[in-house]
Amino acid sequence: MTPDLFDHGDEAPTGREALAPGALVLRGFARNQAEGLVAEIDAICARAPFRHMLTPGGQRMSAAMTNCGPLGWVSDRRGYRYQAVDPDSGKPWPPMPGAFLRLAADAAAEAGFAGFVPDACLINRYEPGARMSLHQDRDERDLSAPIVSVSLGLPAIFLFGGPNRSDRAERVLLLHGDVVVWGGPSRLRFHGILPVKEGAHALLGRQRINLTFRKTA
DNA sequence: AAGTCTCG
DNA sequence: AGAC
C-alpha cells in the first residue's frame, strides 16, 4: 500500500480547469485558509448542529447538513426551501463569517462572476459512504448568481452533468481546498457526489465538508 | 428522486 | 446505467 502524497490535496498543484461554459474548478483555491474555515465551521455547528434532513419522500439524506447566513436550505416532507430559522432550534442560522463571504466572492470573481454576495451557505458533512445523488440547485429565486462550492477534508468524486438528469455526467476528483464555481449557462446543471471513500484527512479526520454558497434572492 | 433498487 |  503506497501512500498517496496528493490524496489530501496538501501538495497537489493549483490552477484552473474548465468543466463547461460558466463552470470551472479552482484547484487548491481555499487550501491556504482551510484551518480558519474549519474553526468557523466548528463555531457554527456548536450553535446549529449537523443533522440528517429528510427528503420530501421521507428518506434520510446520508450527508449531514447545517447552514450559516441570513437564509438556510432545508428539506423535509413538505419539500425544499430556504428559511431564516433553523427548524431544529427555532433560532436564526449563525451569521455568515466574513472569511466565508470573502472566499465566495473571490472565487466567483476568479471564475468571471464579479460582485457575488451570497445570502446562504449550506454546509454538508460527508462521512465515508455518504453521497449526494444527481440534482439541480433550483430553489433560488435569482438564478443569475453562480454556485460556489468549497471542498475540505476527504477527497470525493464530483459528478457534473447537463441540464437533464439523463445527460452523461463528468467525474471530477475534488481534493481538500478545491473550489468549484458554476453559473450562467451551467447554473442549472445536474450535479452530485459519489459515495465518499473510507479514509482519514490530516485536518478533518473521517469526513469531507462542503461549503455551498448561494444567492437565493 | 438532494434516494433506493435492480440489472448489465 | 436506468427506472421509479
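Nothing here was measured: the structure is a model prediction, and the numbers come from that model. To find a chain, count down the sequence lines: A is the first, B the second, and so on, and within it residues start at 1.
- Taking atom C1' in both dT6(B) and dA1(B), one finds a spacing of 16 Å when rounded to whole Å.
- Thr66(A) places a side-chain N or O within 3.5 Å of a backbone atom of Ala48(A) that can act as its donor or acceptor partner.
- Asp76(A) comes within 4.0 angstrom of nothing in the nucleic acid, heavy atoms only.
- Between Phe213(A) and Phe100(A), the ring planes lie perpendicular to each other; the angle is over 60°, past the 30° to 60° tilted range.
- Put simply, CG on Leu159(A) is 12 Å from C1' on dA1(C), counting in whole angstrom units.
- Here dA2(B) presents its P atom at 10 Å from CG of Asp139(A), a figure rounded to the nearest Å.
- Rounded to a whole Å, the CD1 atom of Ile193(A) is 17 Å from the C1' atom of dA1(B).
- Other residues, nucleotides and ligands contribute at most 12 non-hydrogen atoms within 6.0 Å of the CD atom of Glu35(A).
- Spacing between atom CG of Leu188(A) and atom C1' of dA2(B) amounts to 15 Å, rounded to whole angstrom units.
- Between the side chain of Arg51(A) and the backbone N or O of Met65(A) there is at least one donor-acceptor pair closer than 3.5 Å.
- Across the protein-nucleic acid pair, His191(A) atom NE2 and dA1(B) atom P stand 16 Å apart, rounded to whole Å.
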Between the protein and nucleotides 3-6 of chain B, which nitrogen or oxygen pairs are less than 3.5 angstrom apart?
unit_1 : atom_1 : unit_2    : atom_2 : d
dG3(B) : OP2    : Ser133(A) : N      : 2.4
dG3(B) : OP2    : Ser133(A) : OG     : 2.2
dG3(B) : N7     : Ser133(A) : OG     : 3.2

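- Side-chain polar atoms of Thr216(A) and Arg141(A) form no donor-acceptor pair below 3.5 angstrom.
- Here the P atom of nucleotide dA1(C) and the CG atom of Asp167(A) are 13 Å apart, to the nearest Å.
- Of the listed residues (Asn124(A), Asp139(A), Asp137(A)), just one forms a side-chain hydrogen bond (donor to acceptor under 3.5 Å, both in side chains) with Trp73(A), and that residue is Asp139(A).
- Among the atoms of the strands shown, only primed sugar atoms or phosphate atoms (P, OP1, OP2) are found under 4.0 Å from some heavy atom of Arg171(A).
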